[in-house]
J.: 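For reference, the structure I am asking about is given below.
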Number of protein chains: 4
Amino acid sequence: MSKAGDEMTPRTNEQNNAIRRQRIYQIKNIAAKVFLEKGINMEIGDIAKKANLGRGTIYHYYNNKITLLEDLLSEALEEAKKNTIEIINTNELPLVKLEQYARRQLKLWVEQPFVFILFKNYLLQSEFIPAKNNDEILKDFQTYLYIPIVKTIEEGIHSGQLVSVDSDTAVKLFFGALVGTVHSYIKQNDSLYLTVDTQWIDDIITILFKGLKA
Amino acid sequence: MSKAGDEMTPRTNEQNNAIRRQRIYQIKNIAAKVFLEKGINMEIGDIAKKANLGRGTIYHYYNNKITLLEDLLSEALEEAKKNTIEIINTNELPLVKLEQYARRQLKLWVEQPFVFILFKNYLLQSEFIPAKNNDEILKDFQTYLYIPIVKTIEEGIHSGQLVSVDSDTAVKLFFGALVGTVHSYIKQNDSLYLTVDTQWIDDIITILFKGLKA
Amino acid sequence: MSKAGDEMTPRTNEQNNAIRRQRIYQIKNIAAKVFLEKGINMEIGDIAKKANLGRGTIYHYYNNKITLLEDLLSEALEEAKKNTIEIINTNELPLVKLEQYARRQLKLWVEQPFVFILFKNYLLQSEFIPAKNNDEILKDFQTYLYIPIVKTIEEGIHSGQLVSVDSDTAVKLFFGALVGTVHSYIKQNDSLYLTVDTQWIDDIITILFKGLKA
Amino acid sequence: MSKAGDEMTPRTNEQNNAIRRQRIYQIKNIAAKVFLEKGINMEIGDIAKKANLGRGTIYHYYNNKITLLEDLLSEALEEAKKNTIEIINTNELPLVKLEQYARRQLKLWVEQPFVFILFKNYLLQSEFIPAKNNDEILKDFQTYLYIPIVKTIEEGIHSGQLVSVDSDTAVKLFFGALVGTVHSYIKQNDSLYLTVDTQWIDDIITILFKGLKA
DNA sequence: CATGAATGAGGATTCATTCAT
DNA sequence: GATGAATGAATCCTCATTCAT
């Protein structure tokens, strides 16, 4: 109705891009939290409300719920990949690598819960995420995040550094303990990821590796 | 028509009760499986189809989805309570009790997955189950299943048998590792609970307790 | 299962008929009460429970809910018809006939609530009863119960005995007042129709006819 | 695309509110009509179809059927309360008050049928409306709509203006006649509330009060 | 870019009715 | 004759998604 618009300068491309980036960041972060609470039953309306946006606005940035989740998982994959590669591709002994990896992983999960979502969902397969590229993500998860650890654990076992058990069992315990334990530590501090007390991380690692060592 | 003489009753009460018992048993079992797969998104239709029954039949026995879940959880609670009491109320040393408990728990979970559901949901708070008596179950869970273990772990720490860490951390690791690890072992064997290979259980327990011991 | 039946004499036809009659009477009476409470939303289960019968038993006597209602309404129609004819077909003056009719009607309704149902539903048309012969009953209602009163009221007006108003209005008030008022008096005494205090009936009639008289 | 300048808001709040107000008004009105026809068996689909809206739209404004009914009844209560207070709280003689009240009430019922619904349902208890605040409405109905009339009628009787009968009987007749009679006059004119012929109202009042006067 | 009104597919639930015993 | 287990059509209701503004 209003023909107003004396400020005919509509908005520069750059300004728009900035808004866009900021909105996507915001949405993704909130979505991660909501997903953590409600899983696949996360509602677009929940996100919109928490973000103080209209439901339509979410759809302005994401075609649908699945796309949003895919984006979330993809980014988590990248983040975790970086972390994994960095540590696993060193020349340390398997045991050292695993310990460093575990410690870093726990920190990462607590600081960026959406990365935790990735692990929780593909390890605990709590629920099937009907993402179109779900298989692709799963494959990448296997390739870049899971197999490297499996390999390292196998190395550890064969080299006699780790307990001599079926490697499959060891892997399941390794990831299971991490994911299962961390869960309780997430969701509590609503955004104060910075001031996290990390004593528990050290304790978890200590105990877990005492058990795993040969 | 009927040759049954003057038996006015078409089916005896006992016959009906038998049918009921059998149906409820069947429904509960199938529901547990479906829940394990789809969580709270379990559909009545899924259960009906798997049971080869009409949707209405499920409703003949349960007022609604929630009631069915409540029944599932209540029974799981009883089952787990039995297990917990039996072991925790002995005169063994804390460490021994915990180890026995863990071993029995794992077996129970694999054999009766819906007991696992109970733990998974109240420990990991995976998904909010909108049970009317949710609070009651949660309270019972705390009282009869959680606290006793917490106490035992505390005893273990104070008596110097277990590693000297914050007891809260130890508890979280203890349960987290069990729940996180077992997850992978459930859902696979679709009904062959009998021929379960239990080597992995021993391995898990061994490693976990090696880590936890002082 | 039981081949028992030493009493090979199954049951005489007469015995069966007696049972049949008794059951139908019982069902109809209870159905009337339930209908009075819940209208067309009356559930077969309600009737069965109140009658201490199985749901199936109701269907043994009535093909479906509608048939049961039809039977109820038909019988009510007969009952009311008798009442109406008896009084209207006398040689009394219109006013006298109407007063006698009203008084008898009120008594009848209180004593046999299912007759009241008929009037309530076709006068207040509270809800459409999907009876197959609904139209037929409606027609009979008009012919045998409604029109005679309309005629009598018209006579009364034309003869100067009744107030000089549009006869349609007078009819509506006549029936409306009876049905509307009686409603409160039904449903209370659950079966003690015998010991009804009838003072209120006299009062209602007195007031109503004082108003209607010229 | 938009010529609206930098108006970030697609529709102003005021525009949205206007839409909401209009829709709610529309839905409520149609619901009242449908309820009048089908009672508690009113279907959301009926309303939607009559309003040329999707079923979902009704749910956009009302959480469920009950809430919609509650809103209907609450508004009716307010409307009737206004009417009652206005007339009963004057200094007129009881008889005058009652007559004015009855006349106004009849007009109100015809013009706003959902006010009639309120009276019909709480006086005749035609059908149980499972409103959550059913008790509250019932209490308000008693307090603000019923008791004042009961009191006035009692005054009238004690002061010798009204016939000397049990006041309870008088009240039942008073309301019963109004509700019972008006029923026939509603539902017919589908929206032509404006050109209502009110002769019958005068006639009803005249006759009724002739009967009630001492 | 932003939004909330509108929608309908899909899953939950009710209840009349059938039918084997 | 008597019954309650079984069923599915019909309705309620939720929520992802579209779209006009």
J.: Would you say Arg55(C) reaches dA2(F)'s phosphate, i.e. side-chain N/O to OP1/OP2 under 4.0 Å?
T.: no
J.: Please walk me through it: do Asp71(B) and Ser74(B) pass side-chain hydrogen bond (donor to acceptor under 3.5 Å, both in side chains)?
T.: CA-CA 5 Å; Asp71(B) 194 24; Ser74(B) 293; 5.5 Å; no
J.: Does Arg20(B) have a side-chain nitrogen or oxygen under 4.0 Å from the phosphate oxygens OP1 or OP2 of dG4(F)?
T.: no
J.: At what distance, to the nearest 0.5 angstrom, does CZ of Phe35(A) lie from CD1 of Ile47(A)?
T.: 10.5 Å
J.: Nearest to the Ile44(A) side chain among dA12(E), dA16(F), dA20(E), which nucleotide is it?
T.: dA16(F)
J.: Verify, without hydrogens or angle tests, whether Lys120(A) (side chain) and Leu36(A) (backbone) share a donor-acceptor contact under 3.5 angstrom.
T.: no
J.: Let me know the distance between CG of Leu69(C) and C1' of dA16(E), rounded to the nearest Å.
T.: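 Distance check: Leu69(C) CG to dA16(E) C1' gives 13 Å.
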J.: Could you tell me the separation between the NZ atom of Lys65(B) and the C1' atom of dA12(E), rounded to a whole number of Å?
T.: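 Going from Lys65(B) (NZ) to dA12(E) (C1'), I get 8 Å.
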J.: Treating Lys65(D) as the side-chain partner and Asn41(D) as the backbone partner, does any N or O pair qualify as donor plus acceptor under 3.5 Å?
T.: no
J.: I need the CD1-P distance between Ile58(C) and dG1(F), as an integer number of Å.
T.: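 Computing the Ile58(C):CD1 to dG1(F):P distance gives 14 Å.
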J.: Mind calculating the distance between CD (Glu14(A)) and C1' (dC1(E)) to the nearest angstrom?
T.: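 Atom-to-atom, Glu14(A) to dC1(E), this comes out as 15 Å.
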J.: Please determine whether a side-chain nitrogen or oxygen atom of His60(C) lies at a distance below 4.0 Å from atom OP1 or OP2 of dG1(F).
T.: yes
J.: With side-chain contact (heavy atoms from CB on, under 4.5 Å) as the test, pick out the partner of Leu73(A) among Asn121(A), Leu138(A), Ile137(A), Leu68(A).
T.: Ile137(A)
J.: Is any side-chain N or O of Asn64(B) closer than 4.0 Å to OP1 or OP2 of dA12(E)?
T.: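 No.
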J.: Would you say the side chain of Lys28(A) lies within less than 4.5 Å of the side chain of Tyr62(A), judging by non-hydrogen atoms?
T.: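 Of all side-chain heavy-atom pairs linking Lys28(A) with Tyr62(A), at least one is under 4.5 Å.
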J.: Give the rounded distance in Å between these two atoms: NZ of Lys38(A) and P of dT14(F).
T.: 13 Å
J.: Could you tell me the separation between the CG atom of Asn13(B) and the C1' atom of dT21(E), rounded to a whole number of Å?
T.: 14 Å
J.: Determine: side-chain N/O of Thr57(D) to OP1/OP2 of dA5(E), distance under 4.0 Å, yes or no.
T.: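 For dA5(E), OP1/OP2 do not have a side-chain N/O of Thr57(D) under 4.0 Å.
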J.: With a 3.5 Å limit on both atom pairs, tell me what dC15(E) is paired to, counting Watson-Crick and G-U wobble, or say none.
T.: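 Across any shown strand, dC15(E) pairs with dG8(F).
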J.: Examine dA6(E): is either OP1 or OP2 under 4.0 Å from a nitrogen or oxygen in the side chain of Arg23(D)? Give yes or no.
T.: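 Looking at the OP1 and OP2 atoms of dA6(E), one of them is under 4.0 Å from a side-chain N or O of Arg23(D).
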J.: Which whole-number value in Å describes the distance from Asp46(D) CG to dA10(F) P?
T.: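 It works out to 14 Å between those atoms.
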J.: Want to settle it: does Gly56(D) or Ile40(C) sit nearer the 5' end of DNA chain E, counting the closest nucleotide to each?
T.: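 So the residue in question is Gly56(D).
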J.: Looking at Tyr61(D), I'd like to know whether one of its side-chain N or O atoms comes within less than 4.0 Å of OP1 or OP2 on dA6(E).
T.: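 The answer is yes; a side-chain N or O of Tyr61(D) sits under 4.0 Å from OP1 or OP2.
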J.: Is there a Watson-Crick or G-U wobble partner for dT21(E) with both distances under 3.5 Å, and which nucleotide is it?
T.: dA2(F)
J.: Considering heavy-atom distances to DNA chain E, does Met42(B) or Ile19(D) have its closest nucleotide positioned more toward the 5' end?
T.: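 Going by which nucleotide is closer to the 5' end, it is Ile19(D).
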J.: Tell me whether the OP1 or OP2 atom of dT14(F) has a side-chain N or O from Tyr59(D) closer than 4.0 Å.
T.: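 Indeed not, no polar side-chain atom of Tyr59(D) lies that close.
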J.: Atom CG of Asn52(B) to atom P of dA5(F): distance rounded to whole Å?
T.: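 Rounded to whole Å, this separation is 19 Å.
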